[in-house]
Q: 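This is the structure, below, for whatever I ask next.
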Number of protein chains: 2
Amino acid sequence: MTDPGPIARKQTGSLPPVEKSPEEKTSGEGELRPAMELLFFAYRDFTGEADALLADFGFGRAHHRVIYFIGAHPGMSVSELLKILRITKQSLSRVLSQLIEEGFVLQRTDAADRRRRRLYLTAKGSNLERRLTERQSRWIEAAYREAGQDSVQGFLDVLRGLINEDDRKRVGIPR
Amino acid sequence: MTDPGPIARKQTGSLPPVEKSPEEKTSGEGELRPAMELLFFAYRDFTGEADALLADFGFGRAHHRVIYFIGAHPGMSVSELLKILRITKQSLSRVLSQLIEEGFVLQRTDAADRRRRRLYLTAKGSNLERRLTERQSRWIEAAYREAGQDSVQGFLDVLRGLINEDDRKRVGIPR
DNA sequence: AATTTAAGTCAGTGTTATTGACATATATGC
DNA sequence: GCATATATGTCAATAACACTGACTTAAATT
C-alpha cells in the first residue's frame, strides 16, 4: 500500500493563504480544497512510512503492492493480481520476477487448472510483508488516536465512497 | 492533487477473503488492513479523476501538482514549490518549464528580492486548474453524500493525523 | 479440432523521479 | 566592498515504474 507524490514544506518566504473567491465559496468547491490537500499529504506520508524499509531491499512501491496483495490473498493468480493492481502484464512481470528470483514470492501451478500459477509469500516474503504492514499500522493507529475513535468510522466511510463501485465490494470491511 | 498506484479488480477466479490469524487480531494490526486498502484504492480513484483530463494536454500528475499549488498559492516562489512537492529542482524544472513554455504558468521576478521568481497561473492555466479541481470536487462531494455529512469531520481529522507534524500546519482548515 | 484463457516474453517508449556538478544573479553580513 | 549565502537554472547520467503491441506456449473449453 504505497505511492503518492508531493506536498508539504517549510516556509522560506511567505505563502498567502489559499484565496477563496466568492464564486468558489458558493459553488462549494472551495470547501473541498482542504480535503484534496489532506488526501495528497496523508497518502504521501502514509506510504512514505514503508518506502525507507523497501529501499533497504532495493524495492519500490510496486514491489510493496505485490507483496501486500499476495500476503492478503495467498494463492491468488497472476491475472487476479493484474486486475487488482491495474497495471499491464509487462509491468507486473518485471516486479514479480524479481520477487520470485530473490525468494520473496513463490509460484505453484494450480492442481485443477494447470495454466494458472498460484502466488504465495515465502517465509522471507511474509516477514517483509509483516514489517511493512506493521509500520503502516503504527502510523494509522497514531492518526486514529489523535483524531479520536469517533472519527474512525467517518474516515472509513468517506474513503469507501471515494472508491469506484466495482472495486468497492472487494475492499476492507463492508461497513 | 494526484498520484496513487494500484488496487481493485474484478474476480476472475476466486479470492479468499483476507485471512486474519488470531495473532493479527490481538495485535490490532488486522483491523487496520481495511484502512490501508481503502486509502490505496481511494487515492487511486480520486487522482484518476484528473488523469484523463490531464492526458488531453499531454500532462501528467506532476503537472497537476504544480498547477494546483500555484493556483492555491499565487505568487509562490520556486523554492517554496520545491519544498511543498518534495522533489528535486531538476524534477520540478522539467515540468515547470513545460508549463511556462505552453503558457499555463507565468513567472515574474520579485520586486523586493530580484533573485526570486514568483509563479502565477495564466488565464489558460487557471482555466485548466479549475476544470481539474471541479472534477475532483465532484468526486469528493459524491463520497461525502454517500457517507453522510456526519462522516466528513472524522474523515478530515484522521487524514490530518496521517500527516507529519511539520506539514500539518499548512494544510487545509486548522480544525 | 478450433477457440479461449493464463502466463510469459520481446522490443521500444514515456513520465517522473533521482544525484552531483556547475553557472549566474542577487542579497546580506561584516 | 568583499566574501558568503541564497534563489534559480542547467547539464549529464541514471533509475523505477508504467505503457503498447506483437507474439509464444501450454492448457482448458466448446
Side-chain angles (χ1 to χ4, degrees), chain A residues 2-7 9-14 44 47-48 50-52 54-55 57-66 75-83 85-101 105 107-119, chain B residues 2-7 9-14 44 47-48 50-52 54-55 57-66 75-83 85-101 105 107-119:
Chain A
T2 301
D3 194 38
I7 291 197
R9 28 50 65 23
K10 191 145 299 167
Q11 230 137 304
T12 302
S14 59
R44 184 185 59 179
T47 56
D51 290 347
L54 288 163
F57 292 84
F59 291 157
R61 287 173 182 173
H63 300 84
H64 187 186
R65 294 192 282 259
V66 169
M76 78 190 308
S77 70
V78 173
S79 63
E80 283 165 346
L81 192 48
L82 281 174
K83 282 179 215 143
L85 298 179
R86 283 202 197 150
I87 56 175
T88 59
K89 224 194 295 186
Q90 188 59 270
S91 295
L92 176 58
S93 173
R94 196 183 351 90
V95 172
L96 189 55
S97 315
Q98 204 185 335
L99 289 171
I100 291 169
E101 268 173 36
V105 169
Q107 245 178 350
R108 266 180 10 212
T109 299
D110 184 275
D113 184 341
R114 300 192 29 230
R115 292 171 307 180
R116 302 185 129 216
R117 311 293 153 82
R118 295 197 168 272
L119 303 169
Chain B
T2 301
D3 193 41
I7 289 192
R9 25 55 60 21
K10 190 145 298 168
Q11 231 138 303
T12 301
S14 60
R44 184 185 58 178
T47 57
D51 290 346
L54 289 162
F57 292 85
F59 291 158
R61 287 174 182 173
H63 301 85
H64 187 186
R65 296 193 281 258
V66 169
M76 77 189 308
S77 70
V78 172
S79 64
E80 283 165 346
L81 192 49
L82 280 175
K83 282 179 214 140
L85 298 179
R86 283 204 197 148
I87 56 176
T88 58
K89 223 195 294 184
Q90 188 58 269
S91 295
L92 176 58
S93 172
R94 198 182 351 89
V95 172
L96 188 54
S97 316
Q98 204 184 336
L99 289 171
I100 292 170
E101 267 172 36
V105 170
Q107 246 178 348
R108 266 182 8 214
T109 300
D110 184 277
D113 184 342
R114 301 195 26 230
R115 294 172 304 180
R116 301 184 131 216
R117 313 294 154 80
R118 296 196 167 271
L119 302 169

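Protein chains get the first letters and strands the later ones, always in sequence-line order, with residue 1 at the start of each. Quick caveat: nothing in here was measured; it's all calculated off a predicted structure.
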Q: Taking only N and O in the side chain of B:S91, is any of them less than 4.0 Å away from OP1 or OP2 of C:dT18?
A: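 Result: yes.
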
Q: So B:L96 and B:L119, do their side chains get closer than 4.5 Å, heavy atoms only?
A: yes

Q: Using a distance-only criterion (donor-acceptor N/O pair, under 3.5 Å, no hydrogens), is the base of D:dT10 paired with the side chain of B:K89?
A: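 Such a pair does not exist between side chain and base.
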
Q: Measuring from atom CG of A:L81 to atom CD1 of A:I87, what distance do you get when rounded to the nearest 0.5 angstrom?
A: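 Going from the CG atom of A:L81 to the CD1 atom of A:I87 covers 7.0 Å.
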
Q: Please report the distance, rounded to the nearest Å, between CZ in A:F57 and C1' in D:dA16.
A: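 Taking atom C1' of D:dA16 as the reference, CZ of A:F57 is at 18 Å.
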
Q: Find the distance A:L54:CG to C:dT18:P and express it as a whole number of Å.
A: 17 Å

Q: Roughly, in whole Å, what's the span from CG in B:L81 to P in D:dA7?
A: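 One finds 14 Å between P of D:dA7 and CG of B:L81, rounded.
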
Q: Quick one: CZ on B:R116 to CD on B:E80, what's the gap to the nearest 0.5 Å?
A: 5.0 Å

Q: At less than 4.0 Å, is any side-chain N or O atom of B:Q98 found next to OP1 or OP2 of C:dT15? Yes or no.
A: no

Q: Rounded to whole Å, please give me the gap between CG in A:L92 and C1' in C:dA6.
A: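 Distance, rounded to whole Å: 13 Å.
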
Q: Look for any protein N or O under 3.5 Å of an N or O in nucleotides 25-27 of chain C and output each such pair with its distance, or none.
A:
| unit_1 | atom_1 | unit_2 | atom_2 | d |
| --- | --- | --- | --- | --- |
| C:dT26 | OP1 | B:R114 | NH2 | 3.0 |
| C:dA27 | OP1 | B:A112 | O | 3.4 |
| C:dA27 | OP1 | B:R114 | N | 2.8 |

Q: Answer yes or no: does a side-chain N or O of A:S77 lie under 4.0 Å from OP1 or OP2 of C:dA6?
A: no

Q: Starting at NE2 of A:H64, measure out to CG of A:L99 and round the result to the nearest 0.5 Å.
A: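 If I round to the nearest 0.5 Å, the distance is 11.5 Å.
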
Q: Reckon B:S79 has a side-chain N or O less than 4.0 Å from the OP1 or OP2 of D:dT8?
A: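 So the side-chain polar atoms of B:S79 do come within 4.0 Å of the phosphate oxygens OP1 or OP2 of D:dT8, strictly under.
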
Q: Heavy atoms only: give me the nearest A:T109-A:R114 pair and the separation to one decimal.
A: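 Smallest heavy-atom distance, with atoms named: CG2-O, 3.3 Å.
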
Q: Looking only at non-hydrogen atoms, find the nearest pair between A:G60 and A:L54 and report the distance.
A: O-CD1, 3.7 Å

Q: Could you grab the distance from atom NE2 of A:H63 to atom CZ of A:R94, nearest 0.5 Å is fine?
A: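 So the NE2 of A:H63 and the CZ of A:R94 are separated by 7.5 Å.
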
Q: Could you state the atom-to-atom distance from CZ of B:R116 to C1' of C:dT28 in whole Å?
A: 14 Å

Q: From C-beta outward on A:V78, which listed nucleotide comes closest to its side chain: C:dT18, C:dA17, C:dA7?
A: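 Of all the options, the side chain of A:V78 is nearest to C:dA7.
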
Q: Taking 4.0 Å as the cut-off, does a side-chain nitrogen or oxygen of B:H63 come that near to OP1 or OP2 on C:dT16?
A: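 Yes.
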
Q: B:D51 CG to D:dC19 C1': how many Å, rounded?
A: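 My rounded result for the distance is 14 Å.
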
Q: Please report, rounded to the nearest Å, how far the C1' atom of C:dT19 is from the CD1 atom of B:I87.
A: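 To the nearest whole Å, that distance equals 14 Å.
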
Q: When the distance from CE of B:M76 to P of D:dA7 is rounded to whole Å, what number comes out?
A: 14 Å

Q: Could you tell me whether the phosphate oxygens of C:dG8, OP1 or OP2, come under 4.0 Å of any side-chain nitrogen or oxygen in A:Q107?
A: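 Affirmative; the distance criterion is met.
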
